[in-house]
Amino acid sequence: MALPVLLLLLFITIPFSESKLSMEYYKKTCPDFESIVRDTVSLKQMANPTTAAGTLRLFFHDCMVEGCDASILISSNHINIAERDADINQSLSGDALEVVALAKTALELTCPGIVSCSDILAIATRDLVTMVGGPFYNVRLGRKDGKVSQASRVEANLIRSNRTMEDIINYFAVKGFTIEEMVALSGGHTIGFSHCKEFADRIFNYNRTTPTDPEMYPNFAEGLKKTCTNYQTNTAMSAFNDVITPGKFDNMYFLNLKRGLGLLSSDHALVKDPRTRPFVDLYAADQDAFFKAFAHAMEKLAHQGVKTGRKGEVRHRCDAFNFIQA
């Protein structure tokens with residue numbers, strides 16, 4: 001087949017909005033874009049070490065609902081309940097929201113009205129993952145910020161950790177991700193923490209005869225019970241997703257799963273299901289394989305439902321649309 005035909009076929013397989021993204025999108029209009037974001041996130045991460053995990057989660061929650069369009073950053077007002085106020089988003093990181101706002105402020109002083117909040121969030125996520133030891137991956141730029149952010153659209157587009165592995169696999173498949181990509185993205189739980197209510201059933205109410213999941217490492221389970229004793233009255237109570245190296249992006253999460261140290265029911269299910277277990281074994285044995293798969297999956301995630309051209313806007317502030325909602 002002739003080369004021009006091959007190139008044409010390759011272009012046809014790339015969504016039109018994605019094809020408009022470019023590594024050098026801001027080269028002329030805001031050449032210091034990436035260095036400004038990098039400096040901002042570095043200072044924030046040093047001051048608040050949970051920022052990286054919070055920003056990674058924020059990015060995922062953004063991309064999986066309306067696409068990677070920064071709709072998660074919009075604040076609610078008297079006429080609209082925005083995404084960030086949906087129940088599943090109540091525990092999103094304030095530090096993650098703040099680091100994007102700080103970067104936006106710095107960029108508006110240097111190149112006003114040029115850089116979208118969605119591109120800031122995409123680059124900030126990559127830089128923070130790299131800062132805590134994770135893989136570097138390319139982020140193509142040129143996203144526009146979305147003009148819709150509604151809490152009512154969130155629940156159907158995000159999967160909860162207590163769902164079955166069948167449901168989780170199907171959810172990711174609908175979003176265009178393979179099982180391997182889903183397991184790799186789950187490896188993001190190698191940093192950060194989860195609130196006790198997300199895994200309380202595993203340690204207090206597993207079933208009628210056994211209050212604690214018997215497949216959870218006993219000492220780990222007892223430690224979680226002590227940590228989460230008053231979780232119903234103190235909803236801020238939480239535990240690290242990776243109890244061994246909670247602040248380092250590595251493959252310890254997968255090693256933990258094989259030891260009964262998975263925190264969420266969805267984490268533990270990865271090591272039990274024959275469709276996902278081979279990837280858990282692979283990533284536990286080979287960190288380079290995990291990093292390569294994670295980088296690929298994150299590049300793919302960053303292209304979910306992107307808006308370009310007139311389908312979006314470059315917000316003046318990341319928490320508000322440029323127009324007044326009717």
Side-chain angles (χ1 to χ4, degrees), residues 37-61 91-100 121-139 161 180-196 198-199 216-217 219-221 223-224 227 236-264 266-268 270-271 276 279-299 301-302:
V37 173
R38 189 180 309 113
D39 290 345
T40 303
V41 303
S42 296
L43 289 172
K44 184 64 176 176
Q45 177 65 20
M46 286 188 288
N48 300 91
T50 60
T51 301
T55 305
L56 178 57
R57 182 169 182 246
L58 182 71
F59 183 61
F60 180 85
H61 281 226
S91 60
L92 288 174
S93 167
D95 287 322
L97 293 166
E98 184 179 28
V99 76
V100 178
L121 179 55
I123 283 287
T125 301
R126 190 275 311 280
D127 288 350
L128 285 162
V129 165
T130 305
M131 276 187 66
V132 294
F136 179 91
Y137 54 91
N138 290 323
V139 177
S161 61
E180 180 177 10
E181 291 164 344
M182 180 270 287
V183 177
L185 288 173
S186 297
H189 285 174
T190 190
I191 53 175
F193 58 87
S194 294
H195 289 90
C196 291
E198 299 296 331
F199 55 87
M216 183 177 280
Y217 188 75
N219 290 346
F220 181 51
L224 291 175
T227 298
M237 297 301 296
S238 58
F240 288 120
N241 294 323
D242 170 2
V243 70
I244 306 298
T245 57
K248 182 181 180 183
F249 198 103
D250 53 21
N251 68 335
M252 187 60 69
Y253 166 79
F254 296 104
L255 289 164
N256 288 342
L257 295 185
K258 300 176 71 170
R259 298 165 178 163
L261 298 175
L263 186 63
L264 304 174
S266 56
D267 294 329
H268 182 61
L270 290 174
V271 80
T276 54
F279 300 113
V280 172
D281 290 340
L282 172 62
Y283 301 152
D286 188 343
Q287 180 168 281
D288 287 342
F290 165 49
F291 276 17
K292 182 178 179 180
F294 182 82
H296 165 78
M298 286 300 292
E299 288 187 33
L301 175 64

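What you see is a predicted model; the values in this text were computed from it and never measured.
Proximity of a side-chain donor or acceptor of R126 to a complementary backbone N or O of N138 within less than 3.5 Å is not detected. In this structure, the side chain of E180 does not engage the main chain of A293 through any donor-acceptor pair within 3.5 Å. With N48 contributing its side chain and T50 its backbone, the two residues share no donor-acceptor pair below 3.5 Å.
By the side-chain contact (heavy atoms from CB on, under 4.5 Å) test, A53 is found to be paired with I191, residues two or more places apart in sequence or in another chain being considered. Remark: N256 engages D242 in a side-chain hydrogen bond (donor to acceptor under 3.5 Å, both in side chains) (not counting sequence neighbours). Taking D250 as the reference, nothing meets the salt bridge (Lys or Arg N to Asp or Glu O under 4.0 Å) condition, with sequence neighbours excluded. Under the ring-ring contact (aromatic ring centres under 6.0 Å, His included) criterion, F291 pairs with F249, not counting sequence neighbours. Every residue two or more places apart in sequence or in another chain was checked for a salt bridge (Lys or Arg N to Asp or Glu O under 4.0 Å) with K248, and none qualifies. Qualifying side-chain contact (heavy atoms from CB on, under 4.5 Å) partners for T276, counting only residues two or more places apart in sequence or in other chains: M165, I169, I179, M182, V183, L270, D273.
In this structure, the side chains of K258 and D281 come closer than 4.5 Å at one or more pairs of heavy atoms. Proximity of S186 to Y253: side-chain heavy atoms (C-beta onward) are separated by under 4.5 Å at one or more points. H189 places none of its side-chain heavy atoms less than 4.5 Å from the side chain of S194. Looking only at side-chain heavy atoms (C-beta outward), V99 and D95 stay at 4.5 Å or farther from each other. Residues F59 and T55 form no side-chain contact, since every pair of their non-hydrogen atoms from C-beta on lies 4.5 Å or further apart. Side-chain contact between M131 and S42 is present, with heavy atoms from C-beta onward closer than 4.5 Å. Looking at heavy atoms from C-beta onward, M298 lies in side-chain contact with L56 at the 4.5 angstrom threshold.
To the nearest 0.5 Å, atoms OG (S266) and CD (E198) are separated by 9.0 Å. Put simply, CG on N241 and CZ on F199 are 8.5 Å apart, with the number rounded to the nearest 0.5 Å. In this structure, the separation between CZ on F290 and CE on M252 is 12.0 Å, given to the nearest 0.5 Å. Annotation: the span from L301 atom CG to Y137 atom OH amounts to 8.0 Å, rounded to 0.5 Å. To the nearest 0.5 Å, atom OG1 of residue T51 and atom CE of residue M46 are 11.0 Å apart. Residue F294 holds its CZ atom at 11.0 Å from OH of Y283, rounded to the nearest 0.5 Å.
When all heavy atoms of M216 and L263 are compared, the closest pair comes out as CE-O, 4.2 Å. Scanning all heavy atoms of the two residues, the minimum distance from G247 to V132 falls at O-CB, 3.8 Å. Nearest heavy-atom pair, V139 versus A122, reported as atom, atom and distance to 0.1 Å: CG1-CB, 3.9 Å. E181 and A297 make their closest contact through O-CB, 4.0 Å (heavy atoms, listed as atom of the first residue, atom of the second, distance). Taking each heavy atom of H195 and A236 in turn, the nearest pair found is CD2-O, 3.6 Å. Residue D267 comes nearest to G262 through the heavy atom pair CB-CA, 4.3 Å, listed as atom of the first residue, atom of the second, then distance.
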